[in-house]
Amino acid sequence: GAGVSQSPSNKVTEKGKDVELRCDPISGHTALYWYRQRLGQGLEFLIYFQGNSAPDKSGLPSDRFSAERTGESVSTLTIQRTQQEDSAVYLCASSSSQGSANSPLHFGNGTRLTVT
Amino acid sequence: AQTVTQSQPEMSVQEAETVTLSCTYDTSESDYYLFWYKQPPSRQMILVIRQEAYKQQNATENRFSVNFQKAAKSFSLKISDSQLGDAAMYFCAYRSPLRDDKIIFGKGTRLHILP
């Protein structure tokens, strides 16, 4: 596709279950970002990939959160033993390395996670 | 560390009028990039306009323009001839050329357009 694709668009899960969120970036974009956005709030940085590497994982809220990226393409964000405070919209964005910092982020539509 | 502040949680403007959203930031870097993103109810963040700090000329994109005051570390967004489709959350963002990993976003301003 032409844009960043995220799936599922909505996910309702029971507390304690594991969930996996998927992001398909724009083809050729080497940089990939995950953000969390709680209701009515701003964007909270979670993790960044350059290629398949994540140089800094300190943004992940707890050890229940993990992320990986393969083939410099698809990324998955996994939340284990979900808690109600994990309820939020999870946004993925990708960016071209060409032009570096001037390159804007291209966002997906997000996954709305609701933990009951 | 860099910070981005949007001091107006909500604003309203009459359709066809002009509105200015404020953004200030703090940084010790001399070169950087600033962005305004729009997030409509559909949730997808869309780039509105960008500004490179070493360029003195204010960026303009159709009805959207910025007032970039580097010394004051201010980056406001002006929307002219406001339209109903401009209703959204607007986020100001800072990006350092030295660190690709973290792009600092403000907390956002919700803009209402009054018909």
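So that the names make sense, note that chain A is the first sequence line, chain B the second, and so on, each numbered from 1.
- Of the two parts of L91(A), only the side chain, counted from C-beta on, holds a non-hydrogen atom closer than 4.5 Å to a non-hydrogen atom of chain B.
- Shown here for N109(A) and R43(B), the closest heavy-atom pair between the two residues is O-NE, 2.8 Å.
- Residues Y48(A) and F35(B) fall within the same hydrophobic cluster, defined by Ile, Leu, Val, Met, Phe, Trp and Tyr side chains chained together at heavy-atom separations under 4.5 Å.
- Screening L47(B), I103(B), I49(B) for a side-chain contact (heavy atoms from CB on, under 4.5 Å) involving P104(A) leaves a single residue, L47(B).
- At a 4.5 Å heavy-atom cutoff, the contact between Y37(B) and chain A is made by side-chain atoms alone.
- Within a 6.0 Å sphere centred on CD of E10(B), heavy atoms belonging to other residues, nucleotides or ligands number more than 12.
- Both V48(B) and V4(B) are members of a single hydrophobic cluster when ILVMFWY side chains are connected at heavy-atom separations under 4.5 Å.
- Distance check, rounded to the nearest 0.5 Å: CG of L43(A) to CE of M45(B) gives 4.5 Å.
- Y35(A) and Y33(B) fall within the same hydrophobic cluster, defined by Ile, Leu, Val, Met, Phe, Trp and Tyr side-chain heavy atoms under 4.5 Å apart, directly or through other members.
- The contact list for residues 67-93 of chain B toward chain A, using heavy atoms and a distance under 4.5 Å, reads F91(B) by residue number.
- Heavy atoms of Q37(A) lying under 4.5 Å from chain B belong exclusively to its side chain.
- In this structure, I104(B) is not a member of the same hydrophobic cluster as Y33(A), with clusters built from ILVMFWY side-chain heavy atoms closer than 4.5 Å.
- The choice from Q6(B), K107(B), R50(B) that makes the most heavy-atom pairs within less than 4.5 Å of chain A is R50(B).
- With a 4.5 angstrom heavy-atom cutoff, Q39(B) touches chain A only via side-chain atoms.
- Hydrophobic clustering (ILVMFWY, side-chain heavy atoms < 4.5 Å, transitive): Y94(B) and F45(A) are in distinct clusters.
- Atom CD of E14(A) has 12 or fewer heavy atoms from other residues, nucleotides or ligands within 6.0 Å.
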